Amino acid sequence: TTVASSLKLKKEYGVLSDLEYEEELSHIIETANYLSNTIDDFRYYFSPDKDKNLFNTKSLINRCIKIVSIDFSNKHIKIIQNVEELTVYSYENELLQVIINILNNAKDELLKIENQENRVIFMDLYKSQNSLVIKIKDNAGGIKKDIIDRIFEPYFTTKHKSNGTGIGLYMCEEIIVKHLLGEIKVSNEETIYENQKFIGALFEISIPIE
């Protein structure tokens, strides 16, 4: 809707180029397909006959970043990634869904930071023994100690009712633990960015891989 509104406005003012028109429409189509796939994934979640597929980890992360890129760019959020290129046999779309959910949760917290230059998400992906490890960390101040143990509970949310369902992180844990046979944990961690010290939430995912 953000892209469509922008196209409409630029068309009205006569400043819409053919190249931008093509690129933005492609992005709308790609994002709409992602939403459609997400709906399918929720139906698929209850299906016992799922199939794994072979995928490239850099391609997976690039898909994630492409999906959120316009929204994050408009909100001055930078993603700094350190991704090891691996070929993995697992459930790619379910992992994509988990990563997108965690990124969007980080975005909501980063928007509370007034200084737009300090909104950063760090993503690390690497192999450790026979596991794929994904770390997603923001610098938004961390999660309050009195609720950090509850964030994976169903219907628990710190957002206004119109913005959060409270099932996003619950579904993430369900997917990682029950479908991918891995684990997901959260903690608050200190980080240094551009010579400044920050506290942020760190989500760490570990799944066995073939």
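What you see is a predicted model, and the numbers here were worked out from it, not measured in a lab.
- Listed by chain and residue number, Ile61, Asn62, Ile65, Val83, Met123 satisfy the side chain to side chain contact (heavy atoms under 4.5 Å, CB included) test with Gln81 (two or more places apart in sequence, or in another chain).
- Atom-to-atom distance recorded for Ile151:CD1 and Ile143:CD1 is 4.0 Å, nearest 0.5 angstrom.
- In this structure, the side chain to side chain donor-acceptor pair (under 3.5 Å) partners of Asp71, at least two apart in sequence or on a different chain, are Lys75, Lys107.
- Ile148 and Phe152 fall within a single hydrophobic cluster, where Ile, Leu, Val, Met, Phe, Trp and Tyr side chains are chained together by heavy-atom contacts under 4.5 Å.
- Within the 4.5 Å cutoff, side-chain heavy atoms of Val68 are placed close to those of Ile100.
- The hydrophobic clustering, which links ILVMFWY residues whose side-chain heavy atoms are closer than 4.5 Å, places Leu202 and Ile147 apart.
- Listed for the Arg119 side chain is no donor-acceptor partner under 3.5 Å among the backbone atoms of His76.
- By the 4.5 Å heavy-atom criterion applied to side chains, Gln97 and Tyr91 are not counted as neighbours.
- Cluster membership for Val3 and Tyr21, using ILVMFWY side-chain heavy atoms within less than 4.5 angstrom, is shared.
- No side-chain heavy atom of Ser206 sits less than 4.5 Å from a side-chain heavy atom of Leu132.
- By the side chain to side chain contact (heavy atoms under 4.5 Å, CB included) test, Thr31 pairs with His27, sequence neighbours left out.
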Tabulate below the donor-acceptor pairs under 3.5 Å that side-chain atoms of residues 5-15 make, not counting sequence neighbours, or state none.
unit_1, atom_1, unit_2, atom_2, d
Ser5, OG, Thr1, O, 2.8
Lys8, NZ, Glu12, OE2, 3.0
Lys10, NZ, Glu20, OE2, 2.4

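- Side-chain contact between Asn101 and Asn104 is absent, with no heavy atoms from C-beta onward closer than 4.5 Å.
- Considering only heavy atoms from C-beta on, Ile207 stays 4.5 Å or farther from Val88 through its side chain.
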### Task
Check step by step if salt bridge (Lys or Arg N to Asp or Glu O under 4.0 Å) holds for Lys52 and Glu92.
CA-CA 7 Å; Lys52 293 181 178 181; Glu92 181 182 11; over 6 Å; no
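- Separating the CD1 atom in Ile102 from the CD1 atom in Ile121 is a distance of 10.5 Å, to the nearest 0.5 Å.
- For the side chain to side chain contact (heavy atoms under 4.5 Å, CB included) test, residues two or more places apart in sequence or in another chain that qualify with Gln196 are Asn118, Phe198.
- Val120 and Ile113 end up in different hydrophobic clusters when Ile, Leu, Val, Met, Phe, Trp and Tyr side chains are linked at under 4.5 Å.
- Between the CZ atom in Phe122 and the OG1 atom in Thr191 there is a gap of 4.5 Å [rounded to 0.5 Å].
- Contact of the Ile209 side chain with the Asn130 side chain is not registered, since no non-hydrogen atoms from C-beta on lie closer than 4.5 Å.
- Using a 4.5 Å heavy-atom threshold, the side chains of Asp138 and Asn105 count as separate.
- For the atom pair Ile79 CD1 and Phe72 CZ, the distance stands at 5.0 Å (nearest 0.5 Å).
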### Task
Could you give me the CA-CA distance, side-chain angles and deciding distance for Lys127 and Glu84, then say whether salt bridge (Lys or Arg N to Asp or Glu O under 4.0 Å) is met?
CA-CA 8 Å; Lys127 184 179 179 183; Glu84 183 179 345; over 6 Å; no
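- Once rounded to the nearest 0.5 Å, the distance linking CG of Leu125 with CD1 of Ile134 reads 5.0 Å.
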### Query
Given Leu169 and Ile184, is the side chain to side chain contact (heavy atoms under 4.5 Å, CB included) satisfied, shown in steps?
CA-CA 10 Å; Leu169 290 176; Ile184 180 170; 5.9 Å; no
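- Atom CZ of Phe55 is separated from atom CZ of Arg63 by 9.5 Å, given to the nearest 0.5 angstrom.
- Counting heavy atoms of neighbouring residues, nucleotides and ligands inside a 6.0 Å radius, atom CG of Asp18 does not exceed 12 of them.
- The side chain to side chain donor-acceptor pair (under 3.5 Å) test applied to Glu85 returns Asn56, not counting sequence neighbours.
- Residues Ile136 and Ile99 are in side-chain contact: their nearest non-hydrogen atoms beyond the backbone lie under 4.5 Å apart.
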